[in-house]
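Step one of this worksheet: look at the structure below.
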Amino acid sequence: MGKGQSGLGAERVARIGVIAAVYAAATLVAILFLGGLAWGPIQFRISEALTVLALFTPEAIPGLTIGCVVANAANIVLGGTGTLGLLDVVFGSFATFLGALFTWKMRRRPAVAILGPVFANALIVPAYLPVMLAGLGFYTIPFTSISLEGSYFLMYLFGLVTTGLGEAVVLYVLGLPLSRALSRSSLPAMLENEGQRSRLNSSKNAK
C-alpha cells in the first residue's frame, strides 16, 4: 500500500470517527434534555437531522451507524432501559444503517433521499418497542387506555405512525434546511476533490 493510499484510508477513518462522535454526542444531549421523547414511542430525536450527511459522503453510513450504537448503548444507563436497551442498540442502529444507505443511494434527490431514515425507523423501531415498554412498566399504549398485553399489532401501528411522524418532522424541518446550508458550503467541493484523489490512487495502484 502506497503512502497516498494509506493517507486517504486514514482520512476516511477520521471522517467516519468525526461523524460518529458528532451524532452520538447530539443524541446523548437529546436523551438528557428530552428524555423519553428521544427514544420512546413518540420520538423527536433531533440528532436525526444529521443523517443528511449521507447526502454528501458514503462515510456517513458507517459513521452514523457507529454513532447510533454508541448513543443507544449509553442510553442503557442514562435512560434506565437496562438489558432491554440492547434491542435499541442492535435494531435501532440497523434502522440507522438502512436509512443512511438509502439516503446515499438517492442523494441526487434530497427530498426523497431523507425518506430513508423516516421509513427505516418507522418500520423497525415499533417492532421491538412494545417489548421495551412492557419491560419498563408501561402496560398500556401511551396516551390511550389500550392494554399492551395482546395488543402487539395495535402498538406497532401506534409506533409506526408516531415514530415515522417524529422522524419526518425532524428531517424535513431541521435536516433538509441543514443539507441545503451544507450544499452551499465548501463541504461538497472538498469531498469531491478527495473522491477524485481516491479514484486516481486506485487507478495508479491497479496498473
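Given the structure is predicted, the values throughout are model-derived calculations rather than measurements.
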Minimum heavy-atom distance between Leu28 and Ala71, given as atom pair plus value: CD2-O, 3.8 Å
Side-chain donor/acceptor of Thr51 to backbone N/O of Glu48, under 3.5 Å: yes
Nearest heavy-atom neighbours spanning Pro126 and Thr163: CG-OG1, 4.2 Å
Any side-chain heavy-atom pair of Arg45 and Cys68 under 4.5 Å: yes
Same cluster (ILVMFWY, side-chain, under 4.5 Å), Leu50 and Val70: no
Heavy-atom check, side chain of Val29 versus side chain of Ile46, under 4.5 Å: no
Leu55 to Pro110 - nearest heavy-atom pair and separation: CD2-CA, 4.0 Å
Any donor-acceptor pair under 3.5 Å from Asn121 side chain to Pro117 backbone: yes
Shared hydrophobic cluster for Ile61 and Ile124 (ILVMFWY, side-chain gaps under 4.5 Å): yes
Ala49 to Val170 - nearest heavy-atom pair and separation: N-CG1, 3.6 Å
Hydrophobic cluster membership, Val52 vs Phe119, 4.5 Å side-chain cutoff: yes
Worked verdict on Ser179 versus Arg184 for side chain to side chain contact (heavy atoms under 4.5 Å, CB included): CA-CA 9 Å; Ser179 72; Arg184 292 192 293 268; over 6 Å; no
Any donor-acceptor N/O pair, Asp88 side chain to Asn72 backbone, under 3.5 Å: no
Atom pairs and distances, side-chain donor-acceptor, residues 89-104, under 3.5 Å, sequence neighbours left out:
| from | atom 1 | to | atom 2 | distance (Å) |
| --- | --- | --- | --- | --- |
| Ser93 | OG | Val69 | N | 3.4 |
| Ser93 | OG | Val89 | O | 2.5 |
| Thr96 | OG1 | Gly92 | O | 3.3 |
| Thr103 | OG1 | Gly99 | O | 2.9 |
| Thr103 | OG1 | Ala113 | O | 3.1 |

Tyr172 side chain vs Ile114 backbone, donor-acceptor pair below 3.5 Å: no
same_hphob_cluster(Leu123, Val161) at 4.5 Å side-chain heavy-atom cutoff: no
Nearest non-hydrogen partners of Ala60 and Ile19, listed with the distance: CA-CD1, 3.7 Å
Nearest atoms (heavy-atom pairs only) where Ile16 meets Pro62: CD1-CG, 3.6 Å
